[in-house]
> 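One structure follows; several queries about it will come next.
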There are 2 protein chains.
Amino acid sequence: MGTRSAYVTKPREQITALLRAEPRFFSAAEIHRRLEDEASKVSLSTVYRTLEHLLERGEIAARVDESGESTYTMCAPERHHHHAICRVCGRVEDVTCSTMDQLAESLRQLHGFELDDHKMEFSGRCRACR
Amino acid sequence: MGTRSAYVTKPREQITALLRAEPRFFSAAEIHRRLEDEASKVSLSTVYRTLEHLLERGEIAARVDESGESTYTMCAPERHHHHAICRVCGRVEDVTCSTMDQLAESLRQLHGFELDDHKMEFSGRCRACR
DNA sequence: ATCAGTGCAAACCATTTGCAAATTA
DNA sequence: TAATTTGCAAATGGTTTGCACTGAT
């Protein structure tokens, strides 16, 4: 019961596999391009629809980059966390640090601001690219 | 010397005035709409070009919202700081808290991540809308 | 046999750009 | 007048949608 629709299709498997393979943010266009090489191609609209599908199920996380383009990465957004993005290799590291949440909370006292949500993003160079 | 072009034109004055009037993020379309009421209208492309102009001079700050639309607010981005955005009235409060910068720095030790930049955004309800 | 998923092309929407006319210095 | 700025319309580029067809259950 409660099992919502979810056909297992080739496009979904291909896209999921691609995202699972690398811990970084991909744009829809990037995913589409990558799949062109593979045997069975996937249309760009299917890429978008699949990403939306995965997003709804909480299987991937999305972020909009500076240019306004949406990008997606495989990481369970269940637990609230932040991202550290390596600007060299693009690697994404999940950062779940209670200190940060505590800090965010202190905003309330300092600025009289009732916090509902917060977002932090760190960019730099990861251990490997440093 | 060093005085780059900078004509004082009506569109620039109108847009600057509008942004200065309210401490919140405006989209280009919103600004354009607002100026339609005023006596002298301004084309949407001029709104975009003016925003770009102000951005280059560091007179405004920009952010891309969840939908991918760019929004702009009047605040001097000279000092690094973050924004607390009231989700009721949209008011933007600059948050310059050294504690946060320190926290961001600690990322280096904790995750072996060499930090180049970071971004934090808080949304909730401001003192007035709480 | 159904209902969900796909491809394609067209539609959308925010943003950008070319160019001639208008404006500022 | 020389250089910048504006308006308009057309071009972009990412994302969405309608619809007939294909594929999964």
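The chains referred to below are lettered A, B, ... by the order of the sequence lines, with proteins before strands, and numbering in each begins at 1.
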> State whether B:R34 and B:E22 are salt-bridged, where the test is any N-O pair (Lys NZ or Arg NE/NH1/NH2 against Asp/Glu carboxylate O) under 4.0 Å.
yes
> How many whole angstroms separate atom CD of A:E69 from atom C1' of C:dT16?
16 Å
> Give the rounded distance in Å between these two atoms: OH of B:Y48 and P of D:dA11.
19 Å
> Determine the sole option in B:L54, B:T73, B:T16 for which the side-chain contact (heavy atoms from CB on, under 4.5 Å) test with B:I60 is passed.
B:L54
> Choose from C:dT6, D:dC8, D:dT15 the nucleotide whose nearest atom is closest to any side-chain atom of A:L44.
D:dT15
> What is the distance, to the nearest angstrom, from the NE2 atom on B:H53 to the P atom on D:dT6?
9 Å
> Here's a test of your reading of the structure: between B:V8 and A:P11, which maps to the more 5' nucleotide of DNA chain C?
A:P11
> Could you give the NE2-to-P distance, from A:H32 to D:dT15, as a whole number of Å?
13 Å
> Using whole Å, what does the distance between atom P of nucleotide D:dT15 and atom CG of A:L51 come to?
9 Å
> Step by step, would you call B:H32 with B:Y48 a ring-ring contact (aromatic ring centres under 6.0 Å, His included)?
CA-CA 9 Å; B:H32 181 243; B:Y48 276 110; 9.2 Å; no
> Report the nucleotide, chosen from D:dA3, C:dT6, C:dG7, that has the shortest atom-to-atom distance to any side-chain atom of A:V42.
C:dG7
> Can a side chain N or O of B:S45 be found less than 4.0 Å away from OP1 or OP2 on C:dT16?
no
> Considering just the side-chain nitrogens and oxygens of B:R49, establish if one lies under 4.0 Å of OP1 or OP2 belonging to C:dT16.
no
> Verify the distance criterion only: is there a donor paired with an acceptor across the side chains of B:H53 and B:R49 at less than 3.5 Å?
no
> Counting just side-chain N and O atoms, does A:S43 come under 4.0 Å of either OP1 or OP2 of C:dC8?
no
> Among B:L51, B:L19, B:V47, find the residue that satisfies the side-chain contact (heavy atoms from CB on, under 4.5 Å) test when tested with B:F26.
B:L19
> Which whole-number value in Å describes the distance from A:D65 CG to C:dT15 C1'?
14 Å
> Without decimals, in angstroms, what is the distance between A:E52 CD and D:dT16 P?
7 Å
> Heavy atoms under 4.0 Å, any strand shown: does B:S27 hit a base, just sugar-phosphate, or nothing?
nothing
> Could you tell me the separation between the CD atom of A:E66 and the C1' atom of D:dG13, rounded to a whole number of Å?
17 Å
> Given that B:S70 and B:T9 both sit by DNA chain C, which one's nearest nucleotide is further toward the 5' end?
B:S70
